**Q** 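Here you go, one structure.
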Protein chains: 2
Amino acid sequence: MTAPSIRARVRAELTEEIKAVARRHLAADGANLSLRAVARDLGMVPSALYRYFPSRDALLTALITSAYDDMGAAVEAAEAAVPRADPRGRWLAVCGAARTWALEHPAEYALIYGSPVPGYAAPQDTVGPASRVIVAVVAVLFDGAAAGHLAQGPATPMPPALLADLRELMGKWPGPEPLPREWAAVPAEAVLAVAMTLWTQLFGLISFEVFGRLEAMLAARQEYFDHQVEVMADFAGLAPTDR
Amino acid sequence: MTAPSIRARVRAELTEEIKAVARRHLAADGANLSLRAVARDLGMVPSALYRYFPSRDALLTALITSAYDDMGAAVEAAEAAVPRADPRGRWLAVCGAARTWALEHPAEYALIYGSPVPGYAAPQDTVGPASRVIVAVVAVLFDGAAAGHLAQGPATPMPPALLADLRELMGKWPGPEPLPREWAAVPAEAVLAVAMTLWTQLFGLISFEVFGRLEAMLAARQEYFDHQVEVMADFAGLAPTDR
DNA sequence: CCAAGTCAAGAACAGCGTTCTCGCTTCGTG
DNA sequence: CACGAAGCGAGAACGCTGTTCTTGACTTGG
């Protein structure tokens, strides 16, 4: 590992600067990011950008990856700030951090959780950052279940095909290895099913709010979100922790 | 009311044909709809389209409105096919119809439930068609509540601001007038809150599936959806109807 | 020190939404 | 029926976009 040459350093810096300017344009103009406008802002000619990103899609991919990572880091930080023994509090922290990040970065949120770009297929390196939030949710629920906080089994049993899918999903758990010892006792499939419900509801909520679908209906959107998150915690059986 | 002139008739027909071709292009190419490509398909010159739609955004608006109406009609038809006394069945029908429509028209679904177009503000005439699905959900839940199917009140009470919003929302109920007499007895705010939870979860589910976010996780997506919808019915307290 | 590699610039191409002007056709009305 | 008005399609043009290729200057490693 030799020290990077001057050229390599300035190249890395410029790459970051391009991404920063592109993020600014994204926030200002919405999804239609113009390569030429970014180049103008940097005092470059459009073709020069192609030394750093092979296409506009590649630049978008870089923004997508860092958006996933940014949101994931915010969520993980908020979750880690709550005592491990308080799963409900950790769940509320995850939700609040995700919503706050989304409201503060609506364009980037739209990039990662909005309609996918037509000809665009997410490359492999986005799946890791993309799963950080759901991984956090699953971890919280497992800890909760291990502590005895788990909703009664659903009235309607899971179909076998879904059970098999969830079992396989649990097999390639991307979280820290090895799995915590307490988790061995919890019914993994049931917890995973609940996690997916909460995950869907959480991002459904955030998307509706960020995309303005609640604007005409509700003024008290903060209260609405907080209430929904509490209801979901009840649904999941996460008991309030007396502090 | 005089008979429309020949010119008016052919104009209406051509307008419809433009929309049809645009829908085809939307389905093929995704969201980046090219006015010029549509014109080419119609054997017209691009500027001629401006006699029918003042801008590309106006054409998109027309597509959005008809997409809302199309989905709303599909949902209402499916719901009407179930006996009125079977709210759980009606809820399942609503969900299934919404999902089916979305999977069959992914581009149009992305247009109406994906990230909003940057500079674009939905005009007033889209709010009617846009609310058909949630109106159906609310009607089903009210009927269910009137028949005694209603979940226990949530463990966490609603904050006053949210209560006020829901009350006001109920005031401008866009469904058929007057309200059914049986509905007078049901706790409107509680039912509305549940309706919004279900609504969010339903479109969260559909969006995740249509936008491909489940593809890497679950193979049995049909079973997953059906199961989730049953769990939500339980959550709402919609009892199964023995037929 | 020099060949190889990297870089920014510039010109060019095809495609896009949109505007304007021009003849031609159709309409409502006197 | 006739005539001015309005609607219509074609064509050219403008400024924007992403992308490619070529050219000349600069930095790097052997």
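Below, read A as the first sequence line, B as the second, and so on, with proteins coming before strands; counting in each chain starts at 1. On a predicted model such as this, the values are computed, not experimentally measured, just so you know. In what follows, every heavy atom counts, from backbone to side chain, and hydrogens, waters and symmetry copies are set aside.
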**Q** Classify B:Y52 by what it touches in the nucleic acid, base, sugar-phosphate, or nothing, heavy-atom distance under 4.0 Å.
**A** sugar-phosphate

**Q** Once you apply a heavy-atom cut-off of 4.0 Å, does A:L59 come out as touching a base, just sugar-phosphate, or nothing?
**A** nothing

**Q** What integer distance in Å separates B:L33:CG from C:dG17:P?
**A** 7 Å

**Q** If you only use heavy atoms from C-beta on, which nucleotide in D:dT19, C:dT18, C:dT25 is closest to the side chain of B:P46?
**A** C:dT18

**Q** Which whole-number value in Å describes the distance from A:Y50 OH to C:dA9 P?
**A** 16 Å

**Q** D:dG18 C1' sits how many Å from A:R56 CZ, rounded?
**A** 8 Å

**Q** List the atom of A:L26, the atom of A:A107, and the distance in Å for their closest heavy-atom pair.
**A** O-CB, 3.3 Å

**Q** Record whether the side chain of B:S34 comes under 3.5 Å of the base of C:dG17 through a donor-acceptor pair of N or O atoms.
**A** no

**Q** Please confirm whether any donor atom in the side chain of B:R36 sits under 3.5 Å from an acceptor in the base of C:dG17, or the reverse.
**A** yes

**Q** Please give, in whole Å, the distance from C:dC16 C1' to B:L60 CG?
**A** 14 Å

**Q** Need to verify one output field. Residue with the more 5' nearest nucleotide on DNA chain C, B:I6 or B:A37?
**A** B:A37

**Q** Taking atom types as modelled, is there a side-chain donor on B:R23 or B:S66 under 3.5 Å from an acceptor on the other?
**A** yes

**Q** Report the distance from atom CG of A:D57 to atom P of D:dT17, rounded to the nearest whole Å.
**A** 17 Å

**Q** Out of D:dA10, C:dG10, D:dT19, which has the shortest distance to the side chain of B:S47?
**A** D:dA10

**Q** What's the closest nucleotide to the B:R40 side chain, out of C:dC16, D:dT20, C:dA8?
**A** C:dC16

**Q** Can you check side-chain hydrogen bond (donor to acceptor under 3.5 Å, both in side chains) on B:Y50 and B:S55, steps first, answer last?
**A** CA-CA 7 Å; B:Y50 282 74; B:S55 73; over 6 Å; no

**Q** State whether B:R221 and A:D165 are salt-bridged, where the test is any N-O pair (Lys NZ or Arg NE/NH1/NH2 against Asp/Glu carboxylate O) under 4.0 Å.
**A** no

**Q** What's the closest nucleotide to the side chain of A:L14 if the choices are C:dA8, D:dT19, D:dA10?
**A** C:dA8

**Q** A:E13 has an atom CD; how far is it from atom C1' of C:dC7, in whole Å?
**A** 16 Å

**Q** Base, sugar-phosphate, or nothing: which does B:L49 touch, judged by heavy atoms less than 4.0 Å apart?
**A** nothing

**Q** Answer with base, sugar-phosphate or nothing: what part of the nucleic acid does A:S55 contact at a heavy-atom distance below 4.0 Å?
**A** sugar-phosphate

**Q** OP1 or OP2 of D:dC8 sitting under 4.0 Å from any side-chain N/O of B:R11?
**A** yes

**Q** What is the distance, to the nearest angstrom, from the CG atom on A:N32 to the C1' atom on C:dC16?
**A** 13 Å

**Q** Tell me: CG of B:D41 to P of C:dG15, nearest whole Å?
**A** 15 Å

**Q** Nearest heavy atom decides the nucleotide; on that basis, is B:R7 or A:L35 closer to the 5' end of DNA chain D?
**A** B:R7

**Q** Return the minimal non-hydrogen interatomic distance between A:E189 and A:L166, and the atom names on each side.
**A** O-CD1, 3.7 Å

**Q** With a 4.0 Å cutoff (strictly under), does any side-chain N or O of A:R51 reach OP1 or OP2 of C:dT6?
**A** no

**Q** What I'd like to find out is whether the side chain of A:P129 reaches to under 4.5 Å of the side chain of A:T65, using heavy atoms alone.
**A** yes

